[in-house]
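Ligands are counted one by one from 1 in listed order, and the atoms in each one are counted from 1 as well.
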Amino acid sequence: MTSTLPADPLAGLAAERRIIVMIGAPGAGKGTQAERLAAALDLPHVSTGELFRQALHGHDPLGAKVGKYVESGALVPDAIVVEIVAQRLAQPDAAAGAILDGFPRTVGQAVALDEMLARAGTSVWAALYVEVASDLLMERLTGRRICTADDQHIFHVAARPPRKDGLCDVCGAELFQREDDRPETVRSRLETQLPPMYEIIDHYAEDGVLYSVRGDNPAEEVTEDLLRALATIRVGA
Ligand code: AMP
């Protein structure tokens, strides 16, 4: 007897799950774009850094496990990160997909994500690389100035200069540069973070799911370019 159903009626649906990986150097605007895409595509924005910070502030057991890494800026061991992402992707709001921000950070994590998704009959739908030249990254990262009275008042010497040089527009207090925004620190952060990022880019390029867009345009244009890149997947699918 022949069935009218395809061999696996869920296969098509599973393939539609839109797991999108955001890739970008510090200062590339990846987090901003992740948020904008999440809103545009109605998918949850899953930032591992944010999940860890919430766990730390909520004093849950995960917070105790990751505190020493997150507070020192060291990478949390892969097994812990992979577990928290698996739990997050199992939540009902991620059934249709998610925008992953800050994960994977290593090829080991990328492979673990592939395996986790393969077990659920799916795969990474797209890896989006927000590409910004390293001299512009330096300018963006070292230009930040923060108010000494309220660290929520943030300026940038080029992109968002205060009306009066060195003074906060909101409360008039002096602005300062954070230690980790100083050129030497930024350079060493980039030197440690860029090589693993390039490995991840290669990983997704080999899988044929990598899409690169220029990250040096205004944020709205970058979002449009990313959405346009995603729209081409439909055609190819
Ligand atoms: P972020 O906000 O993405 O800079 O993340 C803040 C901190 O969380 C990092 O400095 C790491 O300690 C930890 N973290 C976030 N994502 C990961 C990841 N994919 N792998 C390892 N550690 C991570």
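- Residue-environment remark: CD (Glu174) stays at or below the threshold of 12 foreign heavy atoms within 6.0 Å.
- Looking at Pro104 next to ligand 1, no N or O pair under 3.5 Å apart turns up.
- Of the protein's heavy atoms, Phe52 CD1, 3.7 Å lies nearest to atom 8 (O) of ligand 1.
- Inclusion of Val76 in the set of residues having an N or O under 3.5 Å from an N or O of ligand 1 is warranted.
- For Val81, every heavy-atom contact with ligand 1 shorter than 4.0 Å involves the side chain, none the backbone.
- When heavy-atom distances to ligand 1 are checked against a 4.0 Å cut-off, Glu50 has no atom that comes that close, whether in backbone or side chain.
- Atom-to-atom distance recorded for Phe52:CZ and Ser47:OG is 9.5 Å, nearest 0.5 angstrom.
- Rounding to the nearest 0.5 Å places CD1 of Ile20 at 7.0 Å from CD1 of Ile233.
- Between atom CE of residue Met22 and atom CG of residue Leu226 there is a gap of 5.5 Å, rounded to the nearest 0.5 Å.
- Taken from CG in Leu56 to NZ in Lys68, the straight-line distance is 12.0 Å, to the nearest 0.5 Å.
- If you check which protein heavy atom lies closest to atom 16 (N) of ligand 1, you get Thr48 OG1, 2.7 Å.
- The closest protein non-hydrogen atom to atom 19 (N) of ligand 1 is Gly102 O, 2.8 Å.
- Nearest residue to atom 7 (C) of ligand 1 from Val70, Leu51, Asp78, Leu56 is Val70 (criterion: closest heavy atom).
- Atom OG1 in Thr142 sits 10.5 Å away from atom CG in Leu137 (nearest 0.5 Å).
- Atom 6 (C) of ligand 1 has its closest protein heavy atom at Arg53 NH1, 3.6 Å.
- Remark: minimum distance from atom 1 (P) of ligand 1 to any protein heavy atom is reached at Arg105 NH2, 3.5 Å.
- Every atom of ligand 1 with a heavy atom of Tyr69 under 4.0 Å away is listed here by number and element: 12 (O).
- Between the side chains of Thr223 and Arg36, a donor-acceptor pair is found at a separation under 3.5 Å.
- Only the backbone of Ala74 comes within 4.0 Å of ligand 1, counting heavy atoms alone; no side-chain atom from C-beta on gets that close.
- Atoms of ligand 1 lying under 4.0 Å from at least one heavy atom of Gly73, given by number and element, are 10 (O).
- At the top of the distance list for atom 20 (N) of ligand 1, counting protein heavy atoms only, stands Gln109 NE2, 2.9 Å.
- Put simply, the side chain of Val82 does not reach to within 4.5 Å of the side chain of Leu113, judged on heavy atoms.
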